Asks: 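Please read through the structure below; I'll follow up with questions.
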Amino acid sequence: MLNRISDIEKEIELVLVRNTEDLENFRLKYLSKKGIISDLFEDFRNVAPADKKEVGQLLNGLKQAALDKYNSLRSELADTDDSLSGIDNTRPGYPFATGSRHPISIVRNEIIDIFSRIGFTVSEGPEIEDDDHVFTKLNFAAEHPARDMQDTFYISRISAEDSNPGDILLRTHTSSVQVRVMQGQKPPIRTISPGRVFRNEAISARAHCIFHQVEGLYIDENVSFADLRQTLLFFAREMFGQDAQIRLRPSYFPFTEPSAEMDVSCSICAGKGCNVCKYTGWLEILGCGMVHPNVLEACGIDSRKYTGFAFGMGIERQAMLKYHVNDLRLYFENDIRFLEQFRSAF
Ligand code: DAH
């Protein structure tokens with residue numbers, strides 16, 4: 001009996017456990033009711049009375065050593081195994097609310113993605129601008145109606161009657177960024193400029209005083225109207241599907257000559273006619289043209305050597321088409337029920 005006790009004591013000292021299974025096996029082998037130590041306590045009955053005291057003490061010592069070993073192994077394991085640390089890993093986690101991007105951001109990012117695939121960089125300019133960048137350098141005549149207080153939010157005006165290149169205002173279009181890019185870079189230039197613009201309009205379902213545009217500018221030697229058309233066709237098909245058609249209608253902008261407006265075939269009714277396209281099958285999405293020589297010269301670019309095209313598109317209109325939104329005001333109200341409907345890779 002004494003030998004058995006000391007053998008088991010040595011054996012216990014040498015036990016190693018790697019996981020909870022080993023630990024449980026240790027418990028079953030030595031400490032359970034059917035374990036080795038219990039058996040020894042059974043045998044204890046047969047020990048001669050004279051030896052009982054000594055054997056009893058050793059047996060209790062063995063049991064204590066086994067228990068101590070068990071507890072220390074258990075706490076060692078708890079450091080690496082969460083099931084022993086009191087943390088219940090099977091509990092469901094706290095729900096994590098994922099946000100969603102604003103539809104205007106989604107469409108803007110998609111436009112940037114499409115143009116970046118054909119070599120356009122992104123440039124930005126200030127929202128608070130001067131008359132020079134928004135109007136004068138873009139060939140707007142001094143008396144052009146866009147310069148009227150009725151259309152433009154002025155921050156400070158040099159004269160109450162006449163507009164002046166030094167007047168400070170909120171930009172009414174992103175074409176002002178064209179001017180800044182041309183002033184700061186030499187051709188070839190191939191860039192788009194997304195941003196917010198401001199106009200003094202009454203707010204309704206179809207008009208807002210703040211909206212978003214993306215301006216495009218491409219200047220190099222021998223850039224032609226055909227290049228413009230092909231670039232816009234590529235864009236329309238990437239944005240609205242490979243079946244999309246475009247149509248260019250003659251128009252007028254002071255900063256382009258010739259100028260055009262571009263319609264895209266209505267993606268809602270596939271050109272058949274619906275209330276979104278007002279039964280025409282077409283939707284106007286942008287203005288464009290060949291950059292006016294006066295604009296090139298005003299921005300320090302030699303108009304005999306270089307030509308270029310420019311375009312300006314509204315983002316809201318395209319987001320309305322893509323998501324069938326029928327009221328511009330929804331974009332600005334921050335109503336979570338509206339915003340959480342938009343999920344996108346962009
Ligand atoms: N700036 C014009 C607008 O806000 C849009 C535009 C038209 C931009 C023709 C251009 C362009 O670059 O070439 O209505």
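Order of appearance sets the numbers: ligands from 1, and atoms from 1 within every ligand. Since this is a predicted model, take the numbers as computed values, not measurements. Positions are given from 1, in the same order as the sequence printed here.
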Asks: Identify, with sequence neighbours excluded, every residue that meets side-chain hydrogen bond (donor to acceptor under 3.5 Å, both in side chains) alongside R190.
Replies: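 By the side-chain hydrogen bond (donor to acceptor under 3.5 Å, both in side chains) rule, R190 matches no residue at all.
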
Asks: Counting each atom of ligand 1 from 1 as listed, which ones have a heavy atom of G312 under 4.0 Å away?
Replies: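 Counting atoms of ligand 1 from 1, those under 4.0 Å from G312 are 6 (C), 8 (C), 10 (C), 12 (O).
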
Asks: Out of all atoms in ligand 1, which are within 4.0 Å of some heavy atom of Q178? Include the element for each.
Replies: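 With Q178 as reference, the close atoms of ligand 1 come out as 12 (O).
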
Asks: Considering both backbone and side-chain atoms of A310, is one of its nitrogen or oxygen atoms within less than 3.5 Å of a nitrogen or oxygen in ligand 1?
Replies: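 It does: an N or O of A310 is found under 3.5 Å from an N or O of ligand 1.
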
Asks: Below 6.0 angstrom between ring centroids: does that apply to Y218 and F309?
Replies: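 Yes - the distance between ring centres of Y218 and F309 falls below the 6.0 Å cut-off.
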
Asks: What protein heavy atom sits nearest atom 14 (O) of ligand 1, and how far off is it?
Replies: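 Its nearest protein heavy-atom neighbour is R199 NH2, 3.8 Å.
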
Asks: Please could you name the atoms of ligand 1 that F253 approaches to less than 4.0 Å, counting only its heavy atoms?
Replies: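 It comes down to these atoms of ligand 1: 7 (C), 9 (C).
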
Asks: With heavy atoms of T256 as the reference, note each atom of ligand 1 found under 4.0 Å away.
Replies: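 Answer, ordered by atom number: 13 (O).
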
Asks: Checking side-chain hydrogen bond (donor to acceptor under 3.5 Å, both in side chains) for the pair Q213/T174: CA distance, chi angles, key distance, verdict?
Replies: CA-CA 6 Å; Q213 290 185 332; T174 43; 3.3 Å; yes

Asks: Go through ligand 1 atom by atom and flag the ones less than 4.0 Å from a non-hydrogen atom of S175.
Replies: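 Under 4.0 Å from S175, ligand 1 has these atoms: 1 (N), 8 (C).
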
Asks: Going by the order shown, which atoms of ligand 1 are within less than 4.0 Å of some heavy atom of G289?
Replies: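 So the atoms of ligand 1 that pass are 13 (O).
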
Asks: Mind checking whether F255 contacts ligand 1 via backbone (N, CA, C, O), side chain (CB onward), both or neither, at a 4.0 Å heavy-atom cut-off?
Replies: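 Within the 4.0 Å criterion, F255 contacts ligand 1 through side-chain atoms alone.
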
Asks: If only atom types and distance count, is the side chain of T152 paired as donor or acceptor with the main-chain N or O of Y154 below 3.5 Å?
Replies: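 It does not hold such a pair.
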
Asks: We want to know whether Q64 and D68 form a side-chain donor-acceptor pair, criterion being a heavy-atom distance below 3.5 angstrom.
Replies: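 There is such a pair (donor and acceptor under 3.5 Å, judged by atom type) between the side chains of Q64 and D68.
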
Asks: As a check for students: among M290, H173, M262, E215, identify the option with a heavy atom nearest to atom 10 (C) of ligand 1.
Replies: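 Among M290, H173, M262, E215, the closest heavy atom to atom 10 (C) of ligand 1 comes from E215.
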
Asks: Under 3.5 Å between any N/O of Q213 and any N/O of ligand 1: does that happen in this structure?
Replies: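 Yes; the residue has a nitrogen or oxygen that sits under 3.5 Å from a nitrogen or oxygen of the ligand.
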
Asks: Give a yes-or-no answer on whether the side chains of S251 and S259 include a donor-acceptor pair shorter than 3.5 Å.
Replies: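 S259 and S251 do not have a side-chain donor-acceptor pair below 3.5 Å.
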
Asks: Let me have the donor-acceptor pairs involving side chains of residues 319-333, under 3.5 Å, with sequence neighbours excluded, atom names and distances please.
Replies:
from	atom 1	to	atom 2	distance (Å)
K322	NZ	E110	OE2	3.3
K322	NZ	M239	O	3.1
D327	OD1	R329	N	2.9
D327	OD1	R329	NE	3.0
D327	OD2	R329	NE	3.4
D327	OD2	R329	NH2	2.8
Y331	OH	E316	O	3.3
Y331	OH	M320	N	3.0

Asks: I need the single residue from F198, F311, F255, F211 that forms a ring-ring contact (aromatic ring centres under 6.0 Å, His included) with H173. Which is it?
Replies: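 When F198, F311, F255, F211 are each tested with H173, the ring-ring contact (aromatic ring centres under 6.0 Å, His included) holds only for F255.
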
